[in-house]
Amino acid sequence: MNQKGSYPIVICLLGSVILLLLLLKSKLLQDDISILHVDSQVYIHTAQQWMQGKVLYKEIVEHKGPLLYVINIIGLILAGGHLWGIWVIQLIMLMTLLWLIAYYVSRHESWFVSAAAMIFFVVWIYRSSTIGDNIPEMYAVPFVGYIVLLSFRMMVVPTLSIISILLGGLSFAALLLLKLNFVVLAVPFIIWMLNMSFQKKYFLKLILLLTAGFLFLFIPFLLYFLYHDSFWQAMDAIYTLNMEYAGRPLMPRMKALSTLFIRPINYFFLFAFISVFLKFIFTDKNKNAAWAILSSMLLGLIFLVYWPGRGSESVHYLMPLAPIYFFAVIWLLYGVKQVIELLLLALSLWFLRPLAEEYLKEPNRKEYSIASSYPDALQKYKRKGDRLWVVGNKASVYSMSALEPAHKYFYTYPILNYCESDRTQQVISELEEELPPLVFVEKKYDHAICWQTFIANYRLVWEDDSYQIYRYP
């Protein structure tokens, strides 16, 4: 890298201000779970149930890794149950990474390169924030970023400190405990570090310290599941259920990949991936860094976007690549003339323009919430001791009605979306053994047919254009 060190604190402050402006748009700050995206609602409800003493994956089932719910629990405890605590945890995690990478890069690169990379980092997060925040992809950003930073530091220093390597292993474990497929983003950089350590003659030390850091975070979760005799339930939820989900794409996988970029055209992601690919073809410097960056981005496209086959729904799956592209920008501008640096800085500001436009709009409080009187209807028809079951995925109904879920699978879409699956049939049988007094149905999902026999035991007590409430008896 060029040893140009200039204005590290200024670069850090610049990135902090832009990132803060982005995060201040969070709906978590409105402290209303019903206006969050349904994914975030599910994560918060799972964390709340875990806090109340239910055994994760055994008595309450969700298919993300356990670290996600621990982060939610920490935020909820911090704020006395309010959602802004989760926002604070997000802010701390992202700001910590931002300061680490911004300070490091600004000591080695020009002001223009550092500023461009920092803005592209925030732009990537903004452009991939299609379903809001409090999602595993956002929490993965700091851990991916730290591993990438560690590999770049290793390229320019004789040896890494013990603490920094331990934190690298811990970061890898964190990615695994958030969402299994996140680890593919870190693997190329781990391999690159192992290769460099072999050349610098501390290969064994690096492996041992990375393993120790990994186990430091992983073992407490393993002990929890062993203690509660829920290890295999955890494996079923985290691995088997996710494989079932990924094995049923919404559309052909190549179509899903093309939809992400060209229907409609996503100029930012097209520019990002094409520029990295072209630089890789024509560069003859820093080939190892080039291989790591390109491999990680391609693995991200394959395992985060192509394999699930969700199309435009999967834009937010790309968020963990933000720090990788931050370092890709540094690599793209290696050895170029200052005029090119200025052009890329201008381009980063152009891609950031929509974030500025967001602040000119009136806030849409009900973006993920349909106007309805169902909360009043639930209060009218519920009785003391009732339990509720949601056919759909609107987990906020539980907290708004103050009712406990009737089953460990507390929502149905998409994990119970297929009537013929053994898992769906088992849940129906278990529910029919002890019918929940109230059932809340989201009409927009076409999988309600799975529950026709089950729902025949009930009487419809309330309905509007979007929802239904059933009562038994």
Side-chain angles (χ1 to χ4, degrees), residues 27 32-49 60-64 130-132 134-135 237 241-242 244-245 248 250 310 313 316 366-382 386-421 423-432 435-472:
K27 295 184 182 300
D32 180 355
I33 189 173
S34 71
I35 67 172
L36 302 177
H37 188 272
V38 289
D39 286 8
S40 183
Q41 293 182 25
V42 165
Y43 307 146
I44 292 170
H45 179 74
T46 304
Q48 291 170 335
Q49 291 287 297
I60 189 78
V61 177
E62 220 289 297
H63 62 292
K64 298 299 188 295
T130 52
I131 65 169
N134 189 39
I135 54 176
L241 190 51
N242 274 302
E244 290 176 5
Y245 178 66
R248 296 178 181 270
L250 290 179
R310 317 306 287 184
E313 283 188 17
H316 65 285
K366 296 298 181 183
E367 182 176 347
Y368 299 118
S369 180
I370 301 171
S372 175
S373 60
Y374 73 82
D376 295 330
L378 282 169
Q379 294 300 324
K380 177 180 178 181
Y381 290 105
K382 77 173 185 178
D386 278 354
R387 293 172 302 120
L388 172 70
W389 197 56
V390 172
V391 178
N393 55 11
K394 196 171 181 61
S396 60
V397 176
Y398 292 108
S399 58
M400 295 176 72
S401 64
L403 293 172
E404 287 294 306
H407 196 275
K408 63 182 180 180
Y409 287 94
F410 60 94
Y411 69 103
T412 64
Y413 182 84
I415 58 177
L416 301 177
N417 195 36
Y418 303 99
C419 303
E420 71 276 11
S421 74
R423 191 182 304 271
T424 301
Q425 292 302 314
Q426 180 183 351
V427 172
I428 293 174
S429 297
E430 291 172 355
L431 285 167
E432 287 178 335
L435 293 170
L438 286 170
V439 175
F440 180 88
V441 177
E442 294 181 76
K443 295 165 68 173
K444 67 179 179 179
Y445 297 116
D446 60 3
H447 70 301
I449 189 173
C450 302
W451 318 100
Q452 282 186 345
T453 304
F454 163 74
I455 213 72
N457 298 288
Y458 289 77
R459 58 190 175 91
L460 179 66
V461 295
W462 180 89
E463 181 177 21
D464 68 5
D465 292 339
S466 304
Y467 308 112
Q468 294 172 323
I469 297 175
Y470 289 85
R471 173 86 214 174
Y472 174 85

Trainee: Only distances under 3.5 Å count here; give the side-chain donor-acceptor pairs of residues 399-408 to other protein atoms, sequence neighbours excluded, each with its distance to 0.1 Å.
Mentor:
unit_1, atom_1, unit_2, atom_2, d
S399, OG, S396, O, 3.0
S401, OG, V397, O, 2.7
S401, OG, Y398, O, 3.3
S401, OG, L403, N, 3.4
E404, OE1, Q49, NE2, 3.4
H407, ND1, Y409, N, 3.0
H407, NE2, E430, OE1, 2.5

Trainee: Give, for atom CG of L241 and atom NZ of K64, the distance between the pair rounded to the nearest 0.5 Å.
Mentor: 9.0 Å

Trainee: Do I428 and E432 make a side-chain contact, defined as non-hydrogen atoms from C-beta onward lying under 4.5 Å apart?
Mentor: yes

Trainee: Within the side chain of S421, is there an N or O that forms a donor-acceptor pair under 3.5 Å with the backbone of T424?
Mentor: yes

Trainee: Give a yes or no on whether the backbone of V42 and the side-chain of E62 come within a donor-acceptor separation of less than 3.5 Å.
Mentor: no

Trainee: Give me the one residue out of L388, V439, V461 that meets side chain to side chain contact (heavy atoms under 4.5 Å, CB included) with I469.
Mentor: V461

Trainee: Under the rule for side chain to side chain contact (heavy atoms under 4.5 Å, CB included), what residues qualify as partners of L460, not counting sequence neighbours?
Mentor: E463, Q468, Y470

Trainee: Apply side chain to side chain donor-acceptor pair (under 3.5 Å) to N242 and list each qualifying residue two or more places apart in sequence or on a separate chain.
Mentor: none

Trainee: Is it true that a side-chain atom of E442 and a backbone atom of N393 form a donor plus acceptor pair closer than 3.5 Å?
Mentor: yes

Trainee: Atom CG of D39 and atom CD1 of I131: how far apart are they, to the nearest 0.5 Å?
Mentor: 4.5 Å

Trainee: With sequence neighbours excluded, what pairs up with F454 under the ring pair (Phe, Tyr, Trp, His ring centres under 6.0 Å) test?
Mentor: W389, Y458

Trainee: Answer yes or no: is there a side-chain heavy-atom contact under 4.5 Å between S373 and W462?
Mentor: yes

Trainee: Mind checking salt bridge (charged side-chain N to carboxylate O under 4.0 Å, His left out) for D386 and listing every partner two or more places apart, or none if nothing turns up?
Mentor: R471

Trainee: Give the intermediate values and the outcome of side-chain contact (heavy atoms from CB on, under 4.5 Å) for residues Y245 and R310.
Mentor: CA-CA 10 Å; Y245 178 66; R310 317 306 287 184; 3.4 Å; yes

Trainee: Among all residues two or more places apart in sequence or in another chain, which pass the salt bridge (charged side-chain N to carboxylate O under 4.0 Å, His left out) test with R423?
Mentor: D236, E244

Trainee: Take L36 and I44, measure what side-chain contact (heavy atoms from CB on, under 4.5 Å) needs, and give me the verdict at the end.
Mentor: CA-CA 10 Å; L36 302 177; I44 292 170; 3.5 Å; yes

Trainee: Indicate yes or no for a side-chain donor-acceptor contact from Q425 to the backbone of C419 under 3.5 Å, with no hydrogens or angles considered.
Mentor: yes

Trainee: Any side-chain heavy-atom pair from K394 and Y411 closer than 4.5 angstrom?
Mentor: no

Trainee: Just to verify, what does S40 make a side chain to side chain donor-acceptor pair (under 3.5 Å) with, not counting sequence neighbours?
Mentor: N134

Trainee: Just to verify, what does A237 make a side chain to side chain contact (heavy atoms under 4.5 Å, CB included) with, not counting sequence neighbours?
Mentor: Y57, V61

Trainee: Please check this pair: side chain of K443 against backbone of D464, looking for a donor-acceptor N/O pair closer than 3.5 Å.
Mentor: yes

Trainee: Give me the atom names and distance for the closest heavy-atom approach of K27 to I35.
Mentor: CD-O, 3.4 Å

